[in-house]
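Data block below; observations after.
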Number of protein chains: 2
Amino acid sequence: MKKVTIQDIAKELNISFSTVARALNDHPAISEATKKLVREAAQKLNYRQNKLASSLRSGHSYTIGIMVPSLGVSFFSSVVHGIEKIMNENGYSILLYQSNESYESEKKGIETFLNSRVAGIIASVAKETTQYEHFFEIQKRNIPLLFFDRVAEGLQVPAVTIDDYKGGFLATEHLIRQGYKRIVHITAGQTIGIFKERLRGYVDALQLYGLPVDKSLILYGDFSLDFGRQCVQELYQKKVAFDAVFALEDFTAMGVLQQLLDYKVRVPEEVGVIGFANESFGALVTPGLSSIDQQTVPMGEAAAELFLKMLRSEDLYNNLPKHIVLDPHLIVRGSTERLASS
Amino acid sequence: MKKVTIQDIAKELNISFSTVARALNDHPAISEATKKLVREAAQKLNYRQNKLASSLRSGHSYTIGIMVPSLGVSFFSSVVHGIEKIMNENGYSILLYQSNESYESEKKGIETFLNSRVAGIIASVAKETTQYEHFFEIQKRNIPLLFFDRVAEGLQVPAVTIDDYKGGFLATEHLIRQGYKRIVHITAGQTIGIFKERLRGYVDALQLYGLPVDKSLILYGDFSLDFGRQCVQELYQKKVAFDAVFALEDFTAMGVLQQLLDYKVRVPEEVGVIGFANESFGALVTPGLSSIDQQTVPMGEAAAELFLKMLRSEDLYNNLPKHIVLDPHLIVRGSTERLASS
DNA sequence: TTGAAAGCGCTAACAC
DNA sequence: GTGTTAGCGCTTTCAA
């Protein structure tokens with residue numbers, strides 16, 4: 001199939017190709033008659049506009065880059081699902097890139113976005129990333145940049161997150177109200193801001209309720225099912241007394257839960273367990289895993305809406321970056337429910 | 001920040017811009033000395049190649065379009081995860097589009113892909129779609145097209161799917177070998193081909209092992225957790241005797257499992273339950289839910305690998321379309337394991 | 001080993 | 001209303 005261009009349509013109709021271009025773009029100065037003719041000819045010849053050419057010439061690509069750690073994580077695929085939907089409805093295409101938590105990969109992806117002349121970039125930062133020049137360069141080029149969930153600290157960039165502090169607070173408060181007193185918190189290395197915030201919420205809740213903050217109950221490390229199991233094993237080895245665990249995210253919490261059950265510890269009677277993220281499995285396991293819901297769909301929508309505003313705003317620089325903070329929701333299930341009401 | 005082009009680099013070094021272009025593309029005819037100079041100048045000026053221009057000129061976009069029903073479904077996001085990874089490693093960018101199961105939306109997305117001059121398209125067809133001209137047009141333009149999981153019937157297009165017949169057979173055979181005799185199969189209305197195949201596998205396994213095919217044990221309807229519960233309720237109401245359930249997918253199986261446990265039926269001792277899809281929660285629930293793994297990661301990888309071959313092949317037309325059928329894997333967990341070995 | 005020049009398909013300023 | 005013209009930033013002959 002020969003490539004059809006506006007020149008071919010022009011030849012067909014014996015008019016100039018710029019008239020064709022204008023007709024196809026519904027330019028007001030073109031008569032309805034010619035527009036109709038052009039559209040029919042385009043249809044007949046099976047013409048498709050070349051976005052590469054029009055973007056190159058006009059400087060508008062109507063494409064945005066989305067960078068996430070991994071689509072294999074339901075939280076991210078769910079947010080991308082929401083973003084794609086709204087951006088599409090507004091005429092934008094999505095270039096997708098997964099960092100797989102790697103800094104190098106993230107850098108490469110941002111570079112590809114820049115080379116592709118995207119109209120803007122929405123990103124959630126990789127676990128490994130501690131330097132942010134690649135994000136800074138986006139700003140230098142005056143390209144709209146928006147973070148969701150995982151934010152690069154120190155950069156003045158609009159973002160949509162949930163209130164992780166509040167989430168940490170809610171989870172801990174719930175455990176306290178259920179009568180748990182020695183509450184372990186599993187958290188990751190402190191490079192990722194959201195985990196720091198959850199920790200801060202944990203500490204503040206303890207203090208507000210007059211419980212001591214015991215450093216031996218705060219476990220730093222990683223997050224994964226295995227790490228959760230490992231933490232419980234260590235606590236038992238070191239004979240640390242505890243009666244509840246608040247894990248930074250659900251898979252880790254699930255590991256904790258499994259290891260406790262393996263040790264024949266009764267959950268929630270002896271030990272309570274709560275996670276973070278409200279992954280779908282939490283409702284299906286036994287006992288149900290209490291968690292903090294991260295509002296993935298509202299987050300995707302809020303991110304897309306805010307981003308559209310950024311794309312439309314003339315002076316990105318002068319508009320101070322907005323930070324939308326969504327409220328996390330406490331989800332109580334069997335793993336922490338040992339009192340009739342919380 | 002002013003846009004930097006190869007012209008700027010050329011001016012900086014007092015050489016022609018075509019030499020710069022060649023140097024940046026590592027053209028063999030350029031001396032190492034100039035290459036080095038050019039690369040340094042590019043770095044210094046913060047040059048970024050304009051992919052729009054190079055793609056327009058060269059006719060190669062190194063971008064592929066991926067069309068899926070929804071990233072909100074873990075099966076699809078998981079496959080996209082795999083495809084993106086491999087295509088990225090091979091230097092391709094991903095344009096992503098969700099049909100949200102709508103025919104119109106799918107058509108629009110394919111059009112966008114065509115306008116963006118993608119090098120190829122990987123798609124899984126929307127539930128609503130029954131006409132396939134938009135896919136046919138991709139082929140007319142000699143652009144590589146590949147389906148995964150959901151195939152447009154009647155088109156000669158390479159595809160990657162799993163063997164759903166075999167999956168149904170494996171699940172049923174496993175139950176039989178575990179000594180279950182009256183095996184219920186829950187299936188959906190027979191419009192979707194994959195469910196028909198699973199049913200066929202179920203029937204054939206029964207017959208091969210000399211068990212009767214009892215119509216009262218085949219339940220037609222829908223798929224969801226609630227539907228699974230409903231099925232069990234009905235079976236009890238109608239006093240249908242059964243000792244195992246093979247559900248068309250995991251959420252339905254989970255509903256069955258929950259309802260059985262609510263009825264104080266012992267699983268797997270009294271009744272065995274197996275699902276299909278191997279959703280992540282299956283390993284986390286108690287008892288673990290046996291299932292048929294759909295090989296999402298291999299499917300993504302196989303799709304990407306086959307697609308790369310298509311992209312490289314000179315004569316798409318003459319190479320007969322391949323159909324890769326992946327083997328489903330039986331995953332045995334607590335919900336069906338009542339004998340020491342299967 | 002490098003330079004000159006054409007042109008990918010389109011948009012948009014400037015004519016008339 | 002429509003045509004003419006000049007590029008957008010690159011790749012790729014053809015020459016030297």
Side-chain angles (χ1 to χ4, degrees), chain A residues 1-39 41-42 45-63 111-112 114-119 141, chain B residues 1-39 41-42 45-63 91 93 111-112 114-119 141:
Chain A
M1 192 183 224
K2 212 193 130 288
K3 318 250 171 196
V4 180
T5 73
I6 46 174
Q7 312 263 11
D8 299 310
I9 300 178
K11 227 172 287 165
E12 179 87 5
L13 299 175
N14 262 319
I15 54 179
S16 97
F17 77 96
S18 61
T19 301
V20 174
R22 277 185 282 239
L24 290 171
N25 290 326
D26 211 19
H27 190 107
I30 299 291
S31 75
E32 264 314 316
T34 9
K35 278 185 190 169
K36 188 152 173 285
L37 242 58
V38 168
R39 278 196 278 255
L45 297 176
N46 220 345
Y47 167 79
R48 305 251 149 226
Q49 187 197 48
N50 188 326
K51 265 188 126 192
L52 296 170
S54 74
S55 296
L56 174 61
R57 180 55 234 251
S58 70
H60 299 296
S61 71
Y62 294 104
T63 297
E111 212 153 296
T112 307
L114 256 22
N115 290 358
S116 301
R117 300 300 190 262
V118 294
R141 287 167 192 272
Chain B
M1 192 184 224
K2 212 192 129 291
K3 318 248 171 195
V4 180
T5 74
I6 46 174
Q7 314 263 12
D8 299 310
I9 300 178
K11 226 173 286 167
E12 178 88 5
L13 299 175
N14 262 320
I15 55 179
S16 97
F17 75 95
S18 60
T19 301
V20 174
R22 276 185 283 240
L24 289 172
N25 290 326
D26 209 19
H27 190 107
I30 300 291
S31 74
E32 264 315 316
T34 9
K35 278 185 190 170
K36 186 151 174 284
L37 242 59
V38 168
R39 277 195 278 254
L45 295 176
N46 219 346
Y47 167 80
R48 306 251 148 225
Q49 187 198 47
N50 187 326
K51 264 189 126 191
L52 297 170
S54 74
S55 296
L56 174 60
R57 179 58 236 252
S58 70
H60 299 296
S61 71
Y62 294 104
T63 298
S93 300
E111 212 154 295
T112 308
L114 256 22
N115 291 358
S116 300
R117 299 302 189 262
V118 293
R141 287 167 192 272

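Residue numbers start from 1 in every chain, and the chains themselves are labelled A, B, ... in the order their sequence lines are given, proteins ahead of strands.
- Taking T34(A) as the reference, S31(A) meet the side-chain hydrogen bond (donor to acceptor under 3.5 Å, both in side chains) condition, with sequence neighbours excluded.
- In 5' to 3' order, the nucleotides of DNA chain D bounding all contacts with chain B (an atom under 4.0 Å from a heavy atom) are dG9(D) to dT13(D).
- Nearest approach of L114(A) to R141(A), heavy atoms of both residues: CG-CD, 4.0 Å.
- In this structure the side chain of Q49(A) never reaches within 4.5 angstrom of the side chain of L24(A), judged on heavy atoms.
- No side-chain heavy atom of V38(B) sits under 4.5 Å from any side-chain heavy atom of I30(B).
- Taking the side-chain hydrogen bond (donor to acceptor under 3.5 Å, both in side chains) definition, one finds that T19(B) meets it with S16(B), sequence neighbours left out.
- Partners of S58(A) under the side-chain contact (heavy atoms from CB on, under 4.5 Å) rule, at least two apart in sequence or in another chain, are H60(A).
- For the segment residues 20-36 of chain B, the set of residues with a heavy atom within less than 4.0 Å of an atom of DNA chain D comprises A21(B), R22(B), N25(B), in numerical order.
- Judged as a salt bridge (charged side-chain N to carboxylate O under 4.0 Å, His left out), the pairs with a partner in residues 45-54 of chain B (not counting sequence neighbours) are, in order, E111(A)-R48(B), E137(A)-R48(B).
- Remark: L56(B), R57(B) in residues 48-63 of chain B come within less than 4.0 Å of DNA chain C through at least one heavy atom.
- Annotation: side chain of L56(A) is in contact with side chain of N50(B) (closest heavy-atom distance under 4.5 Å).
- The end-to-end axis angle of the helix from dT1(C)-dA16(D) to dC16(C)-dG1(D), rounded to 10 degrees and based on five pairs per end, is 30°.
- A distance of 8.0 Å separates OG in S54(A) from CG in N25(A), rounded to the nearest 0.5 Å.
- In this structure, OG on S93(B) lies 9.0 Å from CG on N115(A), to the nearest 0.5 angstrom.
- Heavy atoms only, all atoms of each residue included: S116(B) and S61(B) are closest at O-CB, 4.5 Å.
- Taking every heavy atom of residues 10-19 of chain B and every atom of DNA chain C, pairs under 4.0 Å involve I15(B), S16(B), F17(B), S18(B), T19(B), by number.
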Under 3.5 Å, side-chain donor or acceptor atoms of residues 5-14 of chain B against the rest of the protein: list the pairs with distances, not counting sequence neighbours.
residue, atom, partner, partner atom, Å
T5(B), OG1, Q7(B), N, 3.1
D8(B), OD2, T5(B), N, 2.8
E12(B), OE2, K44(B), NZ, 2.4

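- Mapping heavy-atom proximity under 4.0 Å, the span of DNA chain C touched by chain A runs 5' to 3' from dG9(C) to dA13(C).
- In terms of the side-chain hydrogen bond (donor to acceptor under 3.5 Å, both in side chains) criterion, residue partners of R22(A) (sequence neighbours excluded) are, by chain and number, S18(A).
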